[in-house]
Structure formats: C-alpha cells, structure tokens
Amino acid sequence: MAGCKKTDDPNNNGDNNGNGGGNNSGNEEPTSISSNEVNNNGYTIVEVEYEDESKMYFRILTPTTAEVVNCEQFYGADHISEGYIYRNDVIVPESFTYLEHEYEIIAIGEKAFYRCSGLASVSLPNTVIESEQQSFSGCSEMENIYLNTNLQKIGDAAFSDCSSVSRIVLPNRISDVGNNAFSNCSHLESIVLPNQLTMISDGLFYCCSSLSSISIPNSVQSIGQCSFERTSITSVIIPNETTVIKSGAFCECDRLETITFGSNLERIEGRAFSSCSSLLSVELPDNVLYVGDYCFSVCTSLRTVRLSANMTAINKGAFVSCSSLSEFDTDDNITTIEEKAFYHCESLAALTIGKNMNSIAIDAFEGCVNLEVIYYNAINCENIGHTSMKSCFSDCPISNLVFGESVVSIPSYLFTNCNGIFDVYFPNSLVSIGDYAFNNCHRIRELHMPNSVVSIGNQAFCNCQGIREMHLSNSLFHIGNSAFLNCYGFEGVLDIPSSVNEICTKAFGGCENITHVSINSSLSICDEAFSGCSGLTTLYYNSPHSTTDTPILQGCSAIMEVIIGESVEVIPDNAFKECSGSIVFENAANIREIGLNSFTS
C-alpha cells in the first residue's frame, strides 16, 4: 500500500505485517478509492485514500503532472503531531486520477516524507525526475531507498539524517545532487555515484561515519565544502577533471591514509584535509596554485610532503601540529611562509629554505622543539616577523646552520635567540647581515666572514658571549649600533679592516676581553664605540682622517698605550680625551691637524 494514516499513537507502526498502523507494501501499486482537495497558496492539494485506508497527498503542478507532498499541506501543521505521517513500506504510484483527470507523479515535494520516523522503505516510480529539498530528511528508520532510473535531481538535504540507510545507488541520469543531500546518514556504508556528476555538493556526505570507501566519478570538477567531513574513508582518488577541493572537504576523516591527486587540480581550500590523523603522505601535482589556511593541520601521522612547483606560499596554519613531519623542503618557488604554518610540528628536525623565500611569519615555526638543522638558501629574504626578543626560529634548538652559495643577505631578526647555534660559516656570496640577525645566540664560537660582506646591522651579534674567534671581512664598510655589544668571550686582538667607513654607537661595547684594537682607515667612530672594553690595553690608531664626536676610548679604563700610526694626518676633536695611557707617535711629522681637546686629561 501507499500513503499515510492517522493513528491514535503516532509511535505505533502496526504489526509485523505492516497492518494496522502503516502501509502494507506489495509489488503492485496501490489502488485509490476516494479523493478530496483543498486550496493551498494557489495550488490544489489532493488527498487520495487507498483500499487499506492509508492516504497520500499530492500537489497538482500542471494539467497533467503532480508531486507528492506532506499531509501538512492538506490539513495544516497541527496534524503532523497527531500521527498523519507516512509509515512502513511506501510505494509511490506513477499517477493518480482525480475528477476523471490522470496526473503523472514527477516529483517528491519539499519535506514530503520529512521526519517520517516510521518509514521503513520507499520505492519511486520511473515518472519521478526530482526529489526535492528535505523530501526524506529525518526518516531515521528507513533502511532501503529504491530510486528510479529516470531520476535527474536530488535537492538539498533530501535524505539527510536517514540514519538507518546502508547502501544507495544513484541512477546515471542524475546530474544535480544538492547540498547535504546525504549528511548524517550514519549507517551509510556504500554509495554509487552517477557517471555524469560534475560536482560533489557541499556537505554531501557530512558525518556519514560508516562510509569507508568512495569512487568519485571522472566527470567531477569540484568537491564541495565539508562534503566528506567525518566519514571513515581510508583512501581517495581525486579525478583528473577536478580543479578545486573546497574548504573542509575531507576534514576529520581520521581513517584516511592515502590521497591521489588528479593532474589538473589547481586549488585546495582551507582545512580541506585538517585532522586526517592517519594520512601518511601528500604529493601535490604541479598544477596546484593554492593551498588554503590550515589545509593539512593536525594530520598527526603525516611524514612526507611534496609541494607543487607552482605554489608561491605556505598559508596560515597549513601544517599546524603535524607532529610526525620530520623534514620539509620549501622549494625555490615558495616566497612566503605565513603565520603558524608549522606551529608545533614537534618532530620537524630538518628544514630547507628555498632561494626565493621573501617572508617568514613570526610564529611560523613556533613549538618546533626538535628543529636542529636548517639549510638556508634564500638569496635576499626581506621580511622576518619579529618582536623585540623573538623571531620565527626563536623556539627552535638549531645547532646546524648551512647557508647556500647564492645567499646575498641575511635578513634582520632571522636567528634572534637561537641559542643552539655553535658555528656559523657564511657563503662567499654574502653581502649584508641584518639587524639582530644573530642577537642573543650565546653559543656561537667562531665567526668567519667572507670578504664579500660590506655591512653588519644593528645588534647583529649582540650578546653572543660565546664568540672566541672572529675574522671580519676585508670589504666591510659599516658596523652597526651595538653590533658586537657584550661579546665578552672574544679575546685578544681586534683588527678593524681598512675598508670600514663607520663604527656605530657601542659597536664593540662591553667586549671586556679585547686587549688590542687596530684601526687602519679613515672612518667615523660614533659614541661609546668601545665603551666597557675594560680589558683593552693597546690601541693602534693609523687612520688618516677619522671623525668622532666623543672620546674613542671612552670607558676603556685599562688603556695603557695609544700608538699613533704614520698614516695619521688629522686627529679629531676629543679623540683621546681623558686617555690615561701613554701616547706614542710613529711619525709625528705627518700630522697636520690636531683637534680640540684631543689629548686633554
């Protein structure tokens, strides 16, 4: 039989044969015995009663067609709670006759079987071409859905919350499946999708927790938002025709182990594979241009990643908490690493920065507590996120730092507070070292600069107390403010290269174990350049035309001797004011000008 029936107890589904409170289903279509009509918003709603006293309700669409509707359309909303619902096994007829006119059933209307919790199965005739929005939503006891071969469209949430359905075959004529059409079908284990489907709609299988496998048709061009979220699929093949995977598409698929991406994929949106905790590897095809925020976040089993050759950015949170990821190569095409990109990747031990890297966010590698090896190849990176005491690698125990042979500049703040770095070997291509680049790297022991370096920024090596050996570039032009402030581990002779044009304020302040300083070029010496060099005993000054506004040896309390070299022609104002040591001239005859207060005590 077909239809619905008013019962005294809306929870009574009748006896085991389907009688008494529901619809006895055979193989034949039901036979109607009477009909009534009402007018609802300009549509004629027809109630058809069948031989077993069950009823079905239809909305007349045209002079020859109709759709199945809920009895609410006929009686009003109050009757739903009184038991006017479809029950047991329902066969929708191909047509019905009303006032001697035959009407073909072409659709299952919106909410026609909505929350019919007593419905066990439904069969649709070949005349039906559409199952509209929420048409079977909430039919929690329905185990079987028999869809006809002519069905072309399934509306939004049409079968959502049908928690007892285990298998569905969609006819090949279907080209349009609405959003959330099968969401929350918690017992759905398998589904066959039509070959001509071009889009997996948003939320299509959301929370189908028993769905363990899926074959996506080759015709599919896009995979919608949250479409497979919280399913149990273990592997997926993305067809070559697919160009976009939208946000959250496979989010929280915690059994997903393998993904094969199609060659034409261009875009993977935010959180698409977030919390896929069993995913082992990712290999993106070179057509991929964009991977969205948090795309592979919390993929805790992920061990290897290959990026597309056409990607330029690793977006915000892309690999957050990928705790099994041990190595990562950003490739030369990557220019930007955004916030929290590798946040708390606790197993990440080795990182390669590509040649074209230009920007790294302050917290990109925060919590990477085992990152020890960095291969740094960025030619001229400009933007390193930072605060006064923190930058992108500050949380990382870097001990092995290798620079590529094409590196021209080391950006400001790059390795601030990286206390694990011991030895630094710069490439011959290096020209400049930015502000705070190695600030507070306490364990650096040796500093060997190639002769290509011309500039050392402010506080570049400030508080690097571990430096024991230092060789400055013979091409060095500028030494910034506090560049080597408090590098008191360095002992012995400091030879300022003749190429240096400026030694800025406190450049060598607090280097208390320097004993000898040699200056051999015309340069500008700023305030307190050597202040606090309490072990400095000898200054060899052979600068022809230096300038200074304050005493060169201000704060150098142990100075015993200043040797004025034979190249000196001008001694600037205040140069050796209050110097307590002896002054020795190699050749005083060459001096043509002595500034004010140069030797006053």
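Model, not experiment: these values are computed from the prediction.
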Colleague: Show every donor-acceptor pair shorter than 3.5 Å between a side-chain atom in residues 476-495 and any protein atom, with sequence neighbours excluded, or say none if there are none.
Modeller:
{"residue": "His478", "atom": "ND1", "partner": "Glu502", "partner atom": "OE1", "Å": "3.1"}
{"residue": "Asn481", "atom": "OD1", "partner": "Thr505", "partner atom": "N", "Å": "3.1"}
{"residue": "Asn486", "atom": "ND2", "partner": "Asn463", "partner atom": "OD1", "Å": "3.2"}

Colleague: For atom NZ of Lys390, is the number of surrounding heavy atoms from other residues, nucleotides or ligands below 6.0 Å larger than 12?
Modeller: yes
Colleague: Taking atom types as modelled, find out whether Asn513 and Thr515 have a side-chain donor-acceptor pair closer than 3.5 angstrom.
Modeller: no
Colleague: Could you point out which residue of Ile564, Val517, Ile563 forms a side-chain contact (heavy atoms from CB on, under 4.5 Å) with Leu539?
Modeller: Val517
Colleague: Who pairs with Lys340 by salt bridge (charged side-chain N to carboxylate O under 4.0 Å, His left out), at least two apart in sequence or on another chain?
Modeller: Asp363
Colleague: What pairs with Ser274 under side chain to side chain contact (heavy atoms under 4.5 Å, CB included), at least two apart in sequence or on another chain?
Modeller: Cys251, Arg271, Ser297
Colleague: Out of the candidates Phe403, Tyr425, Phe426, only one should pair with Tyr376 under the ring pair (Phe, Tyr, Trp, His ring centres under 6.0 Å) rule; please name it.
Modeller: Phe403
Colleague: Please determine whether side-chain contact (heavy atoms from CB on, under 4.5 Å) holds for the pair Asn520 and Ser543, giving the CA-CA distance in whole Å, both sets of side-chain angles, and the decisive distance to 0.1 Å.
Modeller: CA-CA 5 Å; Asn520 293 283; Ser543 172; over 6 Å; no
Colleague: Just do the side-chain contact (heavy atoms from CB on, under 4.5 Å) check on Asn377 and Thr352 with the steps written out, would you?
Modeller: CA-CA 8 Å; Asn377 299 300; Thr352 299; 3.6 Å; yes
Colleague: Is atom CD1 of Ile583 surrounded by more than 12 heavy atoms (other residues, nucleotides or ligands) closer than 6.0 Å?
Modeller: yes
Colleague: Please check if the number of heavy atoms outside Asn218 that lie under 6.0 Å from its CG is greater than 12.
Modeller: no
Colleague: If only side-chain N and O atoms count, and only distance matters, is there a donor-acceptor pair under 3.5 Å linking Tyr540 with Glu586?
Modeller: yes
Colleague: What pairs with Phe365 under ring-ring contact (aromatic ring centres under 6.0 Å, His included), at least two apart in sequence or on another chain?
Modeller: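 ring-ring contact (aromatic ring centres under 6.0 Å, His included) check on Phe365 returns Phe342, Phe393.
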Colleague: With sequence neighbours excluded, give me every salt bridge (Lys or Arg N to Asp or Glu O under 4.0 Å) pair touching residues 513-531.
Modeller: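 Every pair satisfying salt bridge (Lys or Arg N to Asp or Glu O under 4.0 Å) with a residue in residues 513-531: there are none.
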Colleague: To check you understand the geometry: which heavy-atom pair defines the closest contact between Leu325 and Thr304, and what is its length?
Modeller: CD1-N, 4.2 Å
Colleague: By ring-ring contact (aromatic ring centres under 6.0 Å, His included), which residues pair with His448, not counting sequence neighbours?
Modeller: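 For His448 the ring-ring contact (aromatic ring centres under 6.0 Å, His included) partners, ignoring immediate neighbours, are His471.
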Colleague: Only distances under 3.5 Å count here; give the side-chain donor-acceptor pairs of residues 223-232 to other protein atoms, sequence neighbours excluded, each with its distance to 0.1 Å.
Modeller:
{"residue": "Ser227", "atom": "OG", "partner": "Gly224", "partner atom": "O", "Å": "2.9"}
{"residue": "Arg230", "atom": "NE", "partner": "Glu252", "partner atom": "OE1", "Å": "3.4"}
{"residue": "Thr231", "atom": "OG1", "partner": "Phe228", "partner atom": "O", "Å": "2.9"}
{"residue": "Ser232", "atom": "OG", "partner": "Ser209", "partner atom": "O", "Å": "2.4"}

Colleague: Checking Asp254 against Leu256 for the side-chain contact (heavy atoms from CB on, under 4.5 Å) test, could you report, in this order, the C-alpha distance in whole Å, the side-chain angles of both residues, the deciding distance, and whether it holds?
Modeller: CA-CA 6 Å; Asp254 55 12; Leu256 180 62; over 6 Å; no
Colleague: Among residues at least two apart in sequence or on other chains, which ones pass ring-ring contact (aromatic ring centres under 6.0 Å, His included) with Phe576?
Modeller: Tyr541, Phe599
Colleague: Return the minimal non-hydrogen interatomic distance between Ala272 and Ile245, and the atom names on each side.
Modeller: CB-CG2, 4.2 Å
Colleague: Taking only residues two or more places apart in sequence or in another chain, which ones pass side-chain hydrogen bond (donor to acceptor under 3.5 Å, both in side chains) with Asn439?
Modeller: Gln459
Colleague: Output side-chain donor-acceptor pairs under 3.5 Å for residues 407-423, partner residues at least two apart or in another chain, one line each.
Modeller:
{"residue": "Ser409", "atom": "OG", "partner": "Asn380", "partner atom": "OD1", "Å": "2.6"}
{"residue": "Ser412", "atom": "OG", "partner": "Asp435", "partner atom": "N", "Å": "3.0"}
{"residue": "Thr416", "atom": "OG1", "partner": "Tyr436", "partner atom": "O", "Å": "2.7"}
{"residue": "Asn417", "atom": "OD1", "partner": "Asn440", "partner atom": "ND2", "Å": "3.2"}
{"residue": "Asn417", "atom": "ND2", "partner": "Met389", "partner atom": "O", "Å": "2.2"}
{"residue": "Asp423", "atom": "OD1", "partner": "Arg445", "partner atom": "NE", "Å": "3.4"}
{"residue": "Asp423", "atom": "OD2", "partner": "Arg445", "partner atom": "NH2", "Å": "2.9"}

Colleague: Who pairs with Glu569 by salt bridge (charged side-chain N to carboxylate O under 4.0 Å, His left out), at least two apart in sequence or on another chain?
Modeller: Arg592
Colleague: Does the side-chain contact (heavy atoms from CB on, under 4.5 Å) test come out yes or no for Gln221 and Thr242, once each step is laid out?
Modeller: CA-CA 4 Å; Gln221 298 172 15; Thr242 302; 6.0 Å; no
Colleague: When you compare the side chain of Ile374 with that of Val402, does any pair of heavy atoms fall below 4.5 Å?
Modeller: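 In short, these two side chains do not touch, never coming nearer than 4.5 Å.
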Colleague: Can you list, pair by pair, the side-chain donor-acceptor contacts under 3.5 Å of residues 309-324, counting residues two or more places apart and other chains?
Modeller:
{"residue": "Asn310", "atom": "ND2", "partner": "Asp286", "partner atom": "O", "Å": "2.5"}
{"residue": "Asn315", "atom": "ND2", "partner": "Val291", "partner atom": "O", "Å": "3.2"}
{"residue": "Ser324", "atom": "OG", "partner": "Thr300", "partner atom": "O", "Å": "2.5"}

Colleague: Using a strict 4.0 Å threshold on nitrogen-to-oxygen distance, state whether Glu269 and Arg267 make a salt bridge.
Modeller: yes
Colleague: For Cys392, run the side-chain contact (heavy atoms from CB on, under 4.5 Å) check against Ile337, Ile362, Ile384 and tell me which one passes.
Modeller: Ile384
